[in-house]
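Down below is the structure, laid out as structure tokens.
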Amino acid sequence: MRIAHHNINAQSPVFIIAELSANHNGSLENALETIKAAKRAGADCIKLQTYTADTITLDSDQEDFLIKGTIWEGRKLHELYQEAYTPWAWHKQLYEAATAEGLVCFSSPFDKTAVDLLESLHSPAYKIASFEITDIPLIEYVASKGKPVIISTGIARQEDIELALDACHRMGNHEIALLKCTSSYPAPIEEANMVMVRDLAERYGVITGLSDHTMGSTVPIVATAFGAKIIEKHFILDRSIGGPDASFSMNEAEFTAMVQAVRETEKAIGIVDYELTEKQAKGRDFSRSLYIAQEVKAGDMLTEENLRSVRPGFGMHPKYLKDYLGKPASRSYHKGDRFEG
């Protein structure tokens, strides 16, 4: 999978996305400063969300359109999205600002008109948000553009994942990534289930990663260890500016620490290799080997008292100890001499 100048595969570094979402809090200046801060924090990408309140829901007072069981308890969907949306008139400037910073920029579209806008901006990829995984017509339209499609699985059953994948495949698009996600805000760490990152990759043969709503860096670190190649976190200049997503978003210092932790985790994972580096080989100097522990004259019997396996490792391999115990020494030795047989 290639997104702009990033080639994302099993051997590549983790592609780290800073999710802007509603964290501009209605200010273009905040949005532009957030892009600069994301670059400083080590992100590879800034991601937007492209909708209006009217393209994502209905302006209705019916009970179904009141939010229940989340941090937005009791609010109308239309009211929340009217507050949270990123004005479409900003998109071109935000894409250009990201490019100027050397960041990739793409978005989550929530209807066909949003896809059309993003196509006009030459968006290099698309993200399907967790709650849109059941919108098969939208997924088909996105996939038909031939760009990589990243799909969050926060509310998905296995059938939903397979229907979404099939929708992409019908459009001839096989450039797909699946992100493990827990759609709670913030998400409990015990519900992260990071083993799913590996299972999704093995089960569906796709790039996998994490769209994270937990607090802190622990879950991204574990995801990296399980093979995540994409990590997305909500990013904000400062939680004090407020907004619908502020409470579960990382500030610049926290995001920077997460990026560093992910990069260190990548280094720690390494590769399967039984050869020793030069430094590791030097460490064998401190391994065990056979040394003379007491004065020995030629012909003296070798015993556990005068021939021992000790540090350092310059003498004969300890595996030969039993071959010589109870046999006469072939020559004289001083205490501390390497045993040579």
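A quick note: this is a predicted structure, and the numbers were derived from the prediction, not measured.
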Could you grab the distance from atom CE of Met171 to atom OG of Ser144, nearest 0.5 Å is fine? 7.0 Å
Using a strict cut-off of less than 4.0 Å between a Lys/Arg side-chain nitrogen and an Asp/Glu carboxylate oxygen, indicate whether Glu264 and Lys267 qualify as a salt bridge. no
Could you check if a side-chain atom of Leu276 sits within less than 4.5 angstrom of a side-chain atom of Arg284, using non-hydrogen atoms only? yes
Compute the centroid of each ring, for His78 and then for Phe65, and state whether the two points are separated by less than 6.0 Å. no
Given the rule in the side-chain hydrogen bond (donor to acceptor under 3.5 Å, both in side chains) test, do Asp160 and Thr134 qualify, once you have shown the distances and angles that lead to the verdict? CA-CA 6 Å; Asp160 298 315; Thr134 59; over 6 Å; no
Of all heavy-atom pairs linking Ile139 and Ala167, the shortest is CG2-CB, 3.9 Å
Other residues, nucleotides and ligands only: do more than 12 of their heavy atoms fall within 6.0 Å of CD on Glu190? yes
Does a side-chain heavy-atom distance below 4.5 Å link Val262 with Val259? no
If Ile, Leu, Val, Met, Phe, Trp and Tyr residues are connected whenever their side-chain heavy atoms lie under 4.5 Å apart, and connections chain through other members, are Ile150 and Tyr204 in the same group? yes
Do Ile161 and Leu200 come close enough that some side-chain heavy atom pair is under 4.5 Å? yes
Looking at side-chain heavy atoms only, is the closest gap between Ile207 and Ile176 below 4.5 Å? no
Is Val104 close to Phe15 at the side-chain level, that is, under 4.5 Å between some pair of heavy atoms? yes
Presence of salt bridge, Glu304 and Arg308, under 4.0 angstrom: no
Mind running salt bridge (charged side-chain N to carboxylate O under 4.0 Å, His left out) on Lys127 and Glu19 for me, showing each step along the way? CA-CA 11 Å; Lys127 167 78 185 299; Glu19 166 68 82; 5.1 Å; no
Taking all heavy atoms of Leu94 and all of Ala31, pick out the closest pair and write down the distance. CD2-CB, 3.7 Å
Please say whether the positively charged group of Lys147, taken as NZ for Lys or CZ for Arg, lies over the ring of Tyr126, i.e. under 6.0 angstrom from the six-membered ring centre and within 45 degrees of the axis. no
State whether Arg2 and Glu175 are salt-bridged, where the test is any N-O pair (Lys NZ or Arg NE/NH1/NH2 against Asp/Glu carboxylate O) under 4.0 Å. no
In one Ile/Leu/Val/Met/Phe/Trp/Tyr side-chain cluster, 4.5 Å: Ile241, Leu32: no
With a 6.0 Å cut-off (strictly less than), is the heavy-atom count around NZ of Lys36, excluding the residue itself, greater than 12? no
Euclidean distance, Ile221 CD1 relative to Met194 CE, rounded to 0.5 Å: 12.5 Å
Start with the C-alpha distance between Asp54 and Thr52, add both sets of side-chain angles, then the distance that settles side-chain hydrogen bond (donor to acceptor under 3.5 Å, both in side chains), and finish with yes or no. CA-CA 5 Å; Asp54 291 322; Thr52 69; 5.1 Å; no
How close do Ala225 and Thr265 get, heavy atom to heavy atom, and via which atoms? N-CG2, 4.2 Å
Parallel, tilted or perpendicular, judged at 30° and 60°: which one describes the rings of Tyr185 and Trp72? tilted
Fit a plane to each ring of His169 and His174, take the angle between them on a 0 to 90° scale, and name the class: parallel (under 30°), tilted (30 to 60°) or perpendicular (over 60°). parallel
Could you tell me if Asn7 and Ser12 have a donor-acceptor pair between their side chains, going purely by distance under 3.5 Å? no
If hydrophobic clusters are built from ILVMFWY residues whose side chains come within less than 4.5 Å, do Met215 and Ile189 share one? no
Using modelled atom types and a 3.5 Å cut-off, is there a donor and acceptor pairing between side-chain atoms of Thr224 and backbone atoms of Pro220? yes
4.5 Å side-chain heavy-atom contact, Leu165 and Leu178: yes
Salt bridge or not for Lys76 and Asp59, using N-O below 4.0 Å? yes
Spatial distance of atom CG (Asn30) from atom CD1 (Ile35) [nearest 0.5 Å]: 11.5 Å
Please check this pair: side chain of Asn193 against backbone of Met196, looking for a donor-acceptor N/O pair closer than 3.5 Å. no
Side chains of Thr50 and Trp88: closer than 4.5 Å at any heavy-atom pair? yes
In this structure, are over 12 heavy atoms from other groups packed under 6.0 Å from Glu119 atom CD? yes
Does a donor on one side chain and an acceptor on the other come within less than 3.5 Å for Asp111 and Thr113? yes
For Gln62, I'd like to know if atom CD has over 12 heavy atoms of other residues, nucleotides or ligands within 6.0 Å. no
If the plane angle is over 60° it's perpendicular, under 30° parallel, otherwise tilted; pick one for Tyr320 and His317. perpendicular
Less than 6.0 Å separating the ring centroids of Tyr51 and Tyr81? yes
List the steps and the verdict of salt bridge (charged side-chain N to carboxylate O under 4.0 Å, His left out) for Glu266 and Arg263. CA-CA 5 Å; Glu266 290 176 313; Arg263 298 308 181 208; 3.1 Å; yes
Using 0.5 Å steps for rounding, measure from the CG atom of Leu163 to the CZ atom of Arg157. 12.0 Å
So for atom CZ, which belongs to Arg331, do other residues, nucleotides or ligands contribute more than 12 heavy atoms lying within a distance under 6.0 Å? yes
If we ignore angles and hydrogens, is there a donor and acceptor under 3.5 Å between the side chains of Lys180 and Thr208? no
Spacing of NE2 belonging to His91 relative to CG belonging to Leu121, to within rounding of 0.5 Å: 7.5 Å
Glu140/Arg170 ion pair, N-O < 4.0 Å: yes
Under 3.5 Å, is there a donor-acceptor pair between the side chain of Ser152 and the main chain of Gly154? no
Treat each ILVMFWY residue as a node, draw an edge where side-chain heavy atoms are under 4.5 Å apart, and state whether Phe248 and Ile67 are in one component. yes
Does Leu58 share a hydrophobic cluster with Tyr85, counting links as ILVMFWY side-chain heavy atoms below 4.5 Å and allowing steps through other members? yes
For atom CD of Glu295, decide whether the heavy atoms of other residues, nucleotides or ligands shown that lie under 6.0 angstrom number more than 12. yes
Side chains of Lys229 and Asn9 in contact at under 4.5 Å (non-hydrogen atoms): no
Which is it for Lys282 and Glu278 under the salt bridge (charged side-chain N to carboxylate O under 4.0 Å, His left out) test, yes or no, and what are the steps along the way? CA-CA 6 Å; Lys282 183 64 177 173; Glu278 183 177 346; over 6 Å; no
Of all heavy-atom pairs linking Tyr95 and Ser107, the shortest is OH-N, 3.8 Å
Under 3.5 Å side-chain donor-acceptor pair for Ser27 and Asn25: no
With a 4.0 Å cut-off, would you call Lys68 and Glu63 a salt bridge? yes
Check for me whether Lys335 meets the cation-pi criterion with Tyr333, that is, NZ or CZ under 6.0 Å from the six-membered ring centre and within 45 degrees of the ring axis. no
I'd like to know if Glu254 pairs up with Arg239 as an ion pair, taking the criterion as any Lys NZ or Arg NE/NH1/NH2 lying under 4.0 Å from an Asp or Glu carboxylate oxygen. yes
Distance col, row His6:NE2 vs Cys45:SG, nearest 0.5 angstrom, shows 8.0 Å
Under a 3.5 Å cutoff, is there a donor and acceptor pairing between the side chains of Ser249 and Asn23? yes
Closest approach of Gly336 and Tyr291, non-hydrogen atoms and distance? O-CD2, 3.3 Å
Ile151 versus Cys168, closest heavy-atom pair with distance: CD1-SG, 4.3 Å
